[in-house]
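Working notes for the structure below.
We count residues from 1, following the sequence as given.
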Amino acid sequence: MTDDETLQLLSAYADGELSPGEVLAMERRLAADPAARAMAERLRDLSRALRGPLAGPSAPETLRAGVIEQIGFSDPPPSRTRLGSWQVLAATLLLGLAGGAALGAGAVYLDRPGGAPDTGASVLAGHLRGLAAPQPFDVASSDRHVVKPWFNGRTTIAPEAPDLSDRGFPLIGGRVDIVAGTPVPTLVYRRDRHVISVTVVSAADGAADGEGRRDGSTIERWHLGDLTYWAVSDLNLRDLRAFADLFRSRAGGRPS
């Protein structure tokens, strides 16, 4: 894949223009390709750095037209929207670096409005992408001694993967998801026909343990040491809470 193609796909990925299958492929690539991941982080850092000094009203359409004329391309037909998205992004970032304070709105193209990404939303998105894939895992195994070591070298976290099969929650595998641009481990369990994704991130935000529902899915969150575990499933709240308490007790924490 050429650099231009990489930039185009990163732009389409950030803009939500990729299909679920393409998003999954991109996140797997970011997890496995340090160069692509570094490129994504540089673009994110640049947009954050420019947001403060360039904050202000959106650039007028006349300015955009002038930029397009100067850099020598015209708006693409609808079938080439992704290419146009990257070109507009490149133009706004270059103008921002040159000191054009009027382009503040375009400079934060890769960042969500309002600041840091929503960890819960990223975890839920990873779960839904797993359900949309042919299999919800990258490695298929019911053996925790296989699944836990599989994450070594793929993520910086090697989470506990307790065996819960005797209580009706068998481990079926694991996968790598992306949260805030970082590859993180996700354990995959099953309850009858229900898939349970357990995504593990660093406990940096200090948020309290909790439970709730979002977009039709049940979410349970708890802490063990310096890690936060997010369990997502279409199970009802009672059953997912039972899973979370069992997981925590088997992994060395106290059930609530």
Please step through side-chain contact (heavy atoms from CB on, under 4.5 Å) for the pair Ile157 and Ser202, ending with a clear verdict.
CA-CA 8 Å; Ile157 300 171; Ser202 297; 4.2 Å; yes
Might you work through the side-chain contact (heavy atoms from CB on, under 4.5 Å) test for Phe151 and Leu187, ending with a clear yes or no?
CA-CA 10 Å; Phe151 290 109; Leu187 305 167; 3.8 Å; yes
Restricting to non-hydrogen atoms, name the atom on Pro183 and the atom on Val176 that form the minimum distance, rounded to 0.1 Å.
CB-CG1, 3.8 Å
Rounded to the nearest 0.5 Å, what separates atom CG in Leu124 from atom OG in Ser197?
9.5 Å
Compare all side-chain heavy atoms of Leu171 with those of Leu164 and state whether any distance is below 4.5 angstrom.
no
Salt bridge (charged side-chain N to carboxylate O under 4.0 Å, His left out) between Asp166 and Arg250: does it pass, once the steps are laid out?
CA-CA 12 Å; Asp166 61 323; Arg250 295 280 178 91; 3.0 Å; yes
Indicate the atoms forming the closest heavy-atom contact of Ala161 with Arg144, along with that distance.
O-CB, 2.8 Å
When Tyr229 is tested against each of Val200, Val201, Thr199 for side chain to side chain contact (heavy atoms under 4.5 Å, CB included), which residue passes?
Val200
Using a strict 4.0 Å threshold on nitrogen-to-oxygen distance, state whether Arg167 and Asp245 make a salt bridge.
no
Can a donor-acceptor pair be found, under 3.5 Å and without considering hydrogens, that links the side chain of Arg191 to the backbone of Asp239?
no
Val195 side chain near Ser233 side chain, heavy-atom distance below 4.5 Å:
no
Main chain of Ile196, side chain of Arg190: is a donor-acceptor contact present, judged purely on distance under 3.5 Å?
no
Do the non-hydrogen side-chain atoms of Thr119 and Trp230 ever get within less than 4.5 Å of each other?
yes
If you compare all heavy atoms of Ser217 against all heavy atoms of Leu128, which two are closest, and at what distance to 0.1 Å?
OG-CD2, 4.3 Å
Sub-4.5 Å side-chain heavy-atom contact between Tyr189 and Val198:
yes
So Ser142 and Pro170, do their side chains get closer than 4.5 Å, heavy atoms only?
no
Correct closest heavy-atom pair for Ala244 and Glu220 would be CB-CG, 3.4 Å
Pair His223, Thr228: side-chain N/O donor-acceptor within cut-off below 3.5 Å
yes
Nearest heavy-atom neighbours spanning Phe137 and Gly174
CB-O, 3.5 Å
Report yes or no: do Asp177 and Thr186 form a side-chain donor-acceptor pair below 3.5 Å?
yes
Any non-hydrogen side-chain atom of Phe247 less than 4.5 Å from a side-chain atom of Trp222?
yes
Could you check Arg241 against Thr218 for side-chain hydrogen bond (donor to acceptor under 3.5 Å, both in side chains), going step by step and ending with a plain yes or no?
CA-CA 9 Å; Arg241 183 59 183 272; Thr218 307; over 6 Å; no
Taking atom types as modelled and ignoring hydrogens, do the side chains of Ser165 and Asp163 form a donor-acceptor contact shorter than 3.5 angstrom?
yes
Kindly give the heavy-atom pair with the smallest separation between Pro136 and Val188, and that separation in Å.
O-CG2, 3.4 Å
